[in-house]
Amino acid sequence: MGILGFLESKAKPLIGLDISSTAVKLLEFSRQGGSYRVESYAVKALPPGSVVEKNINDPDGVAESVRAVVQQSKTKEKLAAVAVAGSAVITKIIDMPSGMGDDMLETQISLEADQYIPYPLEEVSIDFEIQGVSESNPEQVEVLLAACRRENVDLRVDVLERADLQAKVVDVEAYTMERAFSLIQEQLDHQDGQVVAVVDIGATMTTLSVLVDGKTIYTREQLFGGKQQTEEIQRRYGLSAEEAGLAKKQGGLPDDYESEVLEPFKDAVVQQVTRSLQFFFSSSQYNDVDLIVLAGGVAVTEGLCDLIEEKIGTTTLIANPFANMSVSPRVNAAALANDAPALMIAAGLAMREYQ
């Protein structure tokens with residue numbers, strides 16, 4: 001990894017590793033022409049409590065799961081892309097003189113960064129990317145500055161090294177989601193100015209990303225996820241966390257499960273989506289979205305997509321970044337399709353090689 005890690009270019013194949021609160025998800029793509037192909041894919045559960053709210057608490061436990069998911073996937077690659085949560089990153093658009101080379105720009109930004117970052121510079125990792133000519137001054141360029149506490153980056157790098165991998169890129173989840181959304185956008189009848197809300201509902205965290213013309217304009221994280229449904233199954237039916245998780249996926253719960261647990265949980269999801277959108281509307285010029293895309297493991301909950309569309313009144317679909325992709329024979333295509341909504345971050349990371 002270079003001094004600046006978030007937006008670093010890449011030349012060799014990368015595996016995308018999404019380290020969530022409950023699992024490590026791995027994807028590897030190849031590309032011919034304009035088409036991607038899934039070469040490797042695997043998901044491995046993390047030890048309970050090893051990652052809490054996107055923070056790694058047990059590096060050894062996480063590294064062991066990373067090592068296991070690599071073996072399971074049968075990938076031969078050693079270079080990986082991982083991501084930090086958007087809430088851990090400070091971003092700011094700044095204007096800089098045009099015509100400066102990357103080295104000079106890096107030096108200048110390092111000199112001025114303390115104006116924009118509320119942490120001691122020795123405690124943060126900084127990266128930048130030129131966005132284009134400044135609208136206010138054609139002699140300047142707009143530069144995206146991204147900064148993250150170094151410990152958040154170093155922990156992920158350390159985990160990969162313990163698993164015999166090299167962290168080539170440490171990205172930001174919001175940018176990986178935007179990259180993966182381009183795969184969804186290919187499947188849509190795209191209209192100029194289309195406002196899309198991607199709602200990623202994982203085990204413990206829900207993240208709303210709003211994109212206009214495929215570019216992220218708003219993100220917000222909140223504590224809510226499928227773990228609440230699992231815990232209610234545990235409490236009501238006296239099951240362990242593992243038993244409850246399996247029963248949720250495979251069925252076999254008592255007859256009152258749907259009315260007493262599943263329906264109330266789906267109603268709670270609708271409430272969370274509605275609330276997230278209201279926060280967006282209240283802090284932006286928008287008062288509506290054209291489309292809702294459901295991502296994350298909770299997205300495949302039976303009837304949830306239709307319920308959200310009915311209650312909110314906005315067209316809603318379940319994310320499948322692999323709809324237009326071919327799949328290697330060594331990949332379990334049925335499992336990949338089932339996990340597809342939960343693999344958006346991993347897909348966006350795996351795409352880094354080709355961006």
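Only heavy atoms go into these numbers, but all of them, side chains included; no hydrogens, no water, no symmetry mates.
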Open item on the list: Could you go through Glu53 and Leu223, starting from their C-alpha distance and side-chain angles, then the distance that decides it, and tell me whether this counts as side chain to side chain contact (heavy atoms under 4.5 Å, CB included)?
Closed with: CA-CA 8 Å; Glu53 295 176 21; Leu223 283 172; 3.6 Å; yes

Check: [Y] and [X] side chains under 4.5 Å, non-hydrogen atoms:
{"X": "Asp18", "Y": "Leu343", "result": "no"}
{"X": "Ser98", "Y": "Gln140", "result": "no"}
{"X": "Val198", "Y": "Leu208", "result": "no"}
{"X": "Ile292", "Y": "Thr315", "result": "no"}
{"X": "Val212", "Y": "Gln194", "result": "no"}
{"X": "Glu161", "Y": "Val157", "result": "yes"}
{"X": "Leu183", "Y": "Met351", "result": "yes"}

Open item on the list: By the salt bridge (charged side-chain N to carboxylate O under 4.0 Å, His left out) test, which pairs, at least two apart or in different chains, include something from residues 115-125?
Closed with: Glu123-Arg149

[X] side chain to [Y] backbone, donor-acceptor under 3.5 Å:
{"X": "Thr206", "Y": "Phe224", "answer": "yes"}
{"X": "Thr301", "Y": "Leu304", "answer": "no"}
{"X": "Ser110", "Y": "Glu106", "answer": "yes"}
{"X": "Asp339", "Y": "Ala342", "answer": "no"}

Partners of [X] by salt bridge (charged side-chain N to carboxylate O under 4.0 Å, His left out), sequence neighbours excluded?
{"X": "Glu39", "answer": "Arg37"}
{"X": "Glu64", "answer": "Arg67"}
{"X": "Asp60", "answer": "Arg162"}
{"X": "Asp200", "answer": "none"}

- [ ] To the nearest 0.5 Å, tell me how far Leu253 CG sits from Glu243 CD.
- [x] 10.5 Å

Open item on the list: Distance check, rounded to the nearest 0.5 Å: Leu211 atom CG versus Thr216 atom OG1?
Closed with: 4.0 Å

- [ ] Could I get the full list of side-chain contact (heavy atoms from CB on, under 4.5 Å) partners for Phe279, not counting sequence neighbours?
- [x] Tyr218, Arg220, Arg275

TODO: Report the residues that fulfil side-chain contact (heavy atoms from CB on, under 4.5 Å) with Ser136, sequence neighbours left out, ordered by chain and then residue number.
DONE: Asp95, Ser134

Open item on the list: In this structure, would Leu160 and Val24 fall into the same cluster of hydrophobic residues linked by side-chain contacts under 4.5 Å?
Closed with: yes

Open item on the list: Is there a path of hydrophobic side-chain contacts, each under 4.5 Å between heavy atoms, that joins Val62 and Val170?
Closed with: yes

TODO: Evaluate the side chain to side chain contact (heavy atoms under 4.5 Å, CB included) criterion for residues Val196 and Asp290: first the C-alpha distance (whole Å), next the side-chain angles of each, then the deciding distance (0.1 Å), finally the verdict.
DONE: CA-CA 6 Å; Val196 179; Asp290 300 310; 5.7 Å; no

TODO: Would you please name every residue forming a ring pair (Phe, Tyr, Trp, His ring centres under 6.0 Å) with Phe281, sequence neighbours left out?
DONE: none

TODO: Identify, with sequence neighbours excluded, every residue that meets ring pair (Phe, Tyr, Trp, His ring centres under 6.0 Å) alongside Phe29.
DONE: Tyr36

Open item on the list: Salt bridge or not between Arg352 and Asp171? Use side-chain N to carboxylate O under 4.0 Å.
Closed with: yes

TODO: May I ask you to decide whether Glu231 forms a salt bridge with Arg235, counting only side-chain N to carboxylate O separations under 4.0 Å?
DONE: no

TODO: Enumerate the residue pairs fulfilling side-chain hydrogen bond (donor to acceptor under 3.5 Å, both in side chains) with a member in residues 256-272, sequence neighbours excluded, ordered by first and then second residue.
DONE: Gln222-Gln272, Gln229-Tyr257, Tyr237-Asp256, Glu263-Lys266

- [ ] Provide the full list of side-chain hydrogen bond (donor to acceptor under 3.5 Å, both in side chains) pairs with a residue in residues 319-336, sequence neighbours left out, each pair given once.
- [x] Ser40-Arg330

Task: Val51, Ile345, Val69 screened by side-chain contact (heavy atoms from CB on, under 4.5 Å) with Ile19, the one that passes - done: Val51

Task: Lys248 and Thr230: side chain donor to acceptor below 3.5 Å - done: yes

Open item on the list: Can you see whether Ser21 engages Thr204 through a side-chain donor-acceptor pair at a distance of less than 3.5 angstrom?
Closed with: yes

Task: Residues clustering with Val52 (ILVMFWY side chains joined when closer than 4.5 Å, directly or via others) - done: none

